[in-house]
Amino acid sequence: MNSTGSKNGISLAVEVAGIRMKNPIMPASGTFGYGEEYAPYIDLDNLGAIVTKGLSLAPKAGNPTPRITETVSGMLNAIGLQNVGVDAFIEHKMPFLRELNTPVIANFFGNTLEEYGEVASRLDAIPELAGVELNISCPNVKKGGIVFGTDPKAAFEAVSTVRKRLSKPLIVKLTPNVTDITDIARAAEDAGADALSCINTITGMAIDVRRRRPRIANLTGGLSGPAIRPVAVRMVYQVVNAVSIPVIGVGGISTAEDALEFLIAGASAVQVGTANFVDPDAMQKVIDGLERFCLEEGVDDIRSLIGSLEVA
Amino acid sequence: MNSTGSKNGISLAVEVAGIRMKNPIMPASGTFGYGEEYAPYIDLDNLGAIVTKGLSLAPKAGNPTPRITETVSGMLNAIGLQNVGVDAFIEHKMPFLRELNTPVIANFFGNTLEEYGEVASRLDAIPELAGVELNISCPNVKKGGIVFGTDPKAAFEAVSTVRKRLSKPLIVKLTPNVTDITDIARAAEDAGADALSCINTITGMAIDVRRRRPRIANLTGGLSGPAIRPVAVRMVYQVVNAVSIPVIGVGGISTAEDALEFLIAGASAVQVGTANFVDPDAMQKVIDGLERFCLEEGVDDIRSLIGSLEVA
Amino acid sequence: MPNFKTRILANQEIAPGYWRMRIQAPGAVADCKPGQFLMFRVQLSLLPLLRRPFGIFRTGFQPSDVDGLPPVEYLEILYKIVGQGTAMMSELHQGDRVEILGPLGRGFSAGATGREKILVGGGIGLVPLFMLAQDLVEKNRVRLLMGGRTRDDIIAITEFERLGVETYTATEDGSLGEQGLVTDVLEAKLKEIGEADVFACGPMPMLQAVQKICARYEAPLQVSLEALMACGVGACLGCVVKGAGHSEQTPRYLCTCKEGPVFRAEQLDWDLMDATESSCEGCK
Amino acid sequence: MPNFKTRILANQEIAPGYWRMRIQAPGAVADCKPGQFLMFRVQLSLLPLLRRPFGIFRTGFQPSDVDGLPPVEYLEILYKIVGQGTAMMSELHQGDRVEILGPLGRGFSAGATGREKILVGGGIGLVPLFMLAQDLVEKNRVRLLMGGRTRDDIIAITEFERLGVETYTATEDGSLGEQGLVTDVLEAKLKEIGEADVFACGPMPMLQAVQKICARYEAPLQVSLEALMACGVGACLGCVVKGAGHSEQTPRYLCTCKEGPVFRAEQLDWDLMDATESSCEGCK
Ligand SMILES: Cc1cc2nc3c(=O)[nH]c(=O)nc-3n(C[C@H](O)[C@H](O)[C@H](O)COP(=O)(O)OP(=O)(O)OC[C@H]3O[C@@H](n4cnc5c(N)ncnc54)[C@H](O)[C@@H]3O)c2cc1C
Ligand SMILES: Cc1cc2nc3c(=O)[nH]c(=O)nc-3n(C[C@H](O)[C@H](O)[C@H](O)COP(=O)(O)OP(=O)(O)OC[C@H]3O[C@@H](n4cnc5c(N)ncnc54)[C@H](O)[C@@H]3O)c2cc1C
Ligand SMILES: Cc1cc2nc3c(=O)[nH]c(=O)nc-3n(C[C@H](O)[C@H](O)[C@H](O)COP(=O)(O)O)c2cc1C
Ligand SMILES: Cc1cc2nc3c(=O)[nH]c(=O)nc-3n(C[C@H](O)[C@H](O)[C@H](O)COP(=O)(O)O)c2cc1C
Ligand code: FES
Ligand code: FES
């Protein structure tokens, strides 16, 4: 893989929200730390982009333990968005990321509109950031905890607030815990999102039956991993058909074939999450597998696969 | 297992919506045919209850094929509610069911309020039916296809309509494809439901990447099986804490331990669905496993486990 | 033998990508009818989740390993590696425990005694024809027309020959037997013989061609179909196929697992049978 | 040797429920430090999904099977069957392919040379202490206090003895060594010796008791912790433990996989350490 994404005459390069990527593969926020954690295991320069752990204004300590548990073909997590905070990110994490030959996207969140806006403007000031990903799956503490991402109006407000403080490309990450994800998708588009990523985790729960206790201290957690892929593919397909901005597919991807489901459904790029834990080399394997698929199928530009689903 | 559900001094018997069951285990609608299909493989008299395939007013042919596909630890189905219709059910299926020593619950649906009401009153006239389970995951054809079960008002109307035509116990089955399942749960309770069952399948999609075609003809299908269990446990827990009528847990149960997660979360009984396909004997194993668990844990009445979750 | 845990007696590759598994199965000889199938549980864990359907190739007895013990009753399946489940099956060994649900479904009916019988098999579609041939050879002249893409797809032919079946082979690349389609051979034979009962199993495009030919020669035809299956017992309604008279307005679906997998050609709606609709390997 | 596919050299049960697996691991001898661990991928398929963490018991070289080839470098893990993953591991055979991520985490530091060293192991918690003992015996007097519920939980003791470690055993049921808790033995030894560095690994209640005793005797203590882990490399933040000074207002979490699994006792918040909070087997 060279830096243009072209090998064997096959181009894997894509562009999402104005961010040019060597290939459509990037980590999902929160599953790849700040990039450096995985540097010993995978060549970060081979990735389409890097997405950081979600950042907040102040450092956040996260939830009590246990925070994770394995489920059938998935896992639940309630990390509680533990992160170093946007300032420490700039000071301690950016120096490493800045040296990479891969676009960096900072994922972030807030608990109030003001927080969202403030983090956005601090991130906007980092020249080496290619773009940001706004996580709207957080409760709005001022509105009695209603989650920004489950109400079209609240989503519109959050995205608008951020948009005003940001000149960089803005990706908005949607939660699947809604009746109609296209309502939220359209609200985010109307408020100025340049792209959407979906899905975040599905809320779930697991119980230790001998001890009659929840398996994670927070009671509920977010379900991720192969188990959720069919739900993610469906939502990506719905959103692609509801908006005219690009969509990034996330949820249960661990192989090239999994990634292709999303691309064919219409995603312009995809994120690999939980699979990084299982195999730190997973994204490289997905990239290599995409190239092999294109070779076998006589596809010379991966973009021609995007949205190629034939529906009767 | 004798007919009172008591063995080794352990009572597995429960009562849900006035229906007395030897144990809390019954099949999930649509995964056990009309009972007779599984008669060669499991002693139907050992089950807590039998729930039939969903019935409609007229026979329904269902969707084009392919209708099913396997996913990681789950399956998608878009059977399209194929069924013999309520009258053929009475004529051809009840004679077999009537002879069983197990309460029979008829699952049914409609595409208009009138249809719901009409099926309810025909079912109400069958003396040997212990109760009915109302599936509100269907599109309301008169209201532009909005699904009865995703809107609290529509759900209230559907349940009220049925309640007026029905004197038998009424279980309402909820769809998980909503932002807040407790809204729908409360609407159903207010409209007169005697119990709730959750969850139905989660909408999903799978793509054959070589052929760029959806793996099921209907494009989307319902995800069931072990993959969805954490989502189902979470929703059952939420609903149990939102209403005061009993809740039946469904979703991804294949072992006694799985069933116990739901009971401990507060479900009064549970349904086993996809696992019947994998192992026609699955429900017997769950029943035996529940008894073993009670023995090991010194529990002499399974009802003492219901809702026994300790939350910090 | 409805649903039982048992052991593998042998599991061997018989041609590149084709395997034969012999499974201990008390009662199999009496219970299994030609054309029936079983649902095979690949792993006791839930990956893959669903069981896989396979035709029953044959049943029999083998001497016990242990002196003095009675012979061991078995059934055999032949399978082709196409995906995750069959790949995992090929890694199972003698002595490994497996779970079987079956025999299931409706098999072939023998047709009028004395009439010539023509069996048409495409690749792995040969499987359900063997026990049928065993039954038919007693009272009838039986021919097997066997087709495949290449010589590797022609399996178990000698076993049919040992029964006294006349075999004819056609491969698309000419690497074994005649070069061409097995359906051309069928047409030639029907022309030659005039009257015969035809029994076919193989990929959908082959079955469609067979159906057309048989209709033209007014030869009674039974076909064994494949479909995606979850339960195998008629409960999930996932495996349906369009029946004769099917239309959007009057849809008529038949259960492949319970009303089939063997159907008389007249039961099915051949116009609406879509060769690409099913994602089955055999139908691609 | 960061993440590598390799082969099992041996996999044997060494006591009821306890297994030893030897894995080919080029570079292991130089790379693995006492107290480090690895993430073991049970199956290349995704069931179970997550890797399992195991301490590295020891590393070494064994003669090659093939004459003339150089010795084979290996590492060993000792594991107890507690659930699905470890049960599946016990069914793996010599020659089976496995995937290993490691060595990971921070191990033990040796402490002042010349001071006596006391290692305290509870059950399978003994694992990370062996390589530590190997290092320490060169320049120090080393004692191992080993505890378990019953004699079956006392494993690999003779291997420590062969190093020249003095071993003391306590079982709760008295079936081997003294009857009682290993922490009573620790208290007695500290009283006797006065000064010592203590290194402990085992269930949380044991570690909590060890911490109290060491604090009382002002003995420097290092503990190796267990936690539920997804990534093992500091990325998921699933494995954190409360650090000294932790409170609701000023939460301070440390990553067990990256900042541990070995911690100096002062780094941790012992008051807030909840013996039942973690669902780890070792902490029950
Ligand atoms: C009645 C019947 C009899 C059969 N007899 C034989 C036989 O004797 N020998 C043989 O090799 N194959 C036979 N098949 C096909 C066999 O079931 C599939 O090849 C097998 O299920 C593929 O499993 P997999 O996990 O390797 O493939 P995957 O493609 O990974 O399977 C994914 C899913 O699709 C299903 N599937 C894939 N291909 C088929 C197919 N052709 N038919 C039905 N389901 C499919 C699987 O069961 C599984 O649920 C038969 C099918 C049916 C319905
Ligand atoms: C740093 C470290 C070193 C360890 N060293 C050893 C060792 O040398 N020998 C040994 O036998 N065990 C060791 N353990 C514990 C070992 O990881 C678990 O026993 C094992 O993961 C259980 O897997 P399972 O699938 O059998 O159990 P399950 O209970 O089925 O596992 C379910 C999930 O919980 C996790 N889990 C369960 N118990 C533990 C536990 N005690 N610690 C961490 N995660 C757990 C599993 O990894 C899995 O994700 C160590 C744990 C850690 C964190
Ligand atoms: C441990 C963990 C932490 C996560 N943290 C974040 C986060 O900080 N911000 C965010 O937007 N998504 C977060 N996610 C969600 C993932 O980015 C992704 O949307 C989800 O895991 C689905 O993808 P997967 O199935 O490939 O893991 C996290 C997921 C996991 C498993
Ligand atoms: C093939 C199939 C058919 C189903 N048909 C119905 C139905 O007719 N009515 C209904 O209420 N639910 C139906 N369901 C949903 C199940 O009853 C159940 O809610 C769901 O499968 C989740 O449980 P499980 O994970 O145990 O399968 C069907 C599910 C499957 C897999
Ligand atoms: S496979 Fe379930 S009905 Fe045929
Ligand atoms: S296991 Fe992921 S951070 Fe420690």
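Letters go in sequence order (proteins before strands), and every chain restarts at 1.
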Show your working on side-chain contact (heavy atoms from CB on, under 4.5 Å) between B/Arg234 and A/Asn177 and close with a plain yes or no. CA-CA 12 Å; B/Arg234 183 259 296 185; A/Asn177 300 299; 3.6 Å; yes
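- With a 4.5 angstrom heavy-atom cutoff, A/Leu260 touches chain B via backbone and side-chain atoms both.
- A/Gln238 does not touch chain B: none of its heavy atoms, backbone or side chain, sits under 4.5 Å away.
- Interface residue A/Ser308: backbone and side-chain heavy atoms are both found under 4.5 Å from chain B.
- Between B/Thr179 and A/Thr150, the side chains place no donor N or O within less than 3.5 Å of an acceptor N or O (distance only, hydrogens not considered).
- Considering only heavy atoms from C-beta on, B/Thr203 stays 4.5 Å or farther from A/Val231 through its side chain.
- Only the side chain of A/Leu305 comes within less than 4.5 Å of a heavy atom of chain B; its backbone N, CA, C and O stay farther away.
- Here CD of B/Glu257 is found 11.0 Å from CD1 of A/Ile207. Values are rounded to the nearest 0.5 Å.
- Most heavy-atom pairs under 4.5 Å with chain A, from the set B/Leu223, B/Asp151, B/Ile228, B/Val236: that is B/Leu223.
- Other residues, nucleotides and ligands contribute more than 12 heavy atoms inside 6.0 Å of the CZ atom of A/Arg212.
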Criterion side-chain contact (heavy atoms from CB on, under 4.5 Å) on A/Leu219 and B/Val311, from CA distance to verdict: CA-CA 7 Å; A/Leu219 189 55; B/Val311 179; 4.1 Å; yes
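- Using a 4.5 Å cut-off between heavy atoms, B/Leu76 contacts chain A through its side chain alone, with no backbone atom that close.
- Contact annotation: the side chain of B/Thr71 never approaches that of A/Arg229 to less than 4.5 Å [non-hydrogen atoms, C-beta and beyond].
- A salt bridge is absent between A/Glu310 and B/Arg211: the closest approach of a Lys/Arg side-chain nitrogen to an acidic carboxylate oxygen does not fall below 4.0 angstrom.
- Ranked by heavy-atom pairs under 4.5 Å with chain B, the first of A/Gly204, A/Pro176, A/Gly74, A/Gly252 is A/Gly204.
- Remark: B/Arg303 CZ is loosely packed, at most 12 non-hydrogen atoms of other residues, nucleotides or ligands lying under 6.0 Å away.
- Using a 4.5 Å cut-off on side-chain heavy atoms (C-beta onward), B/Glu296 and A/Arg210 make contact.
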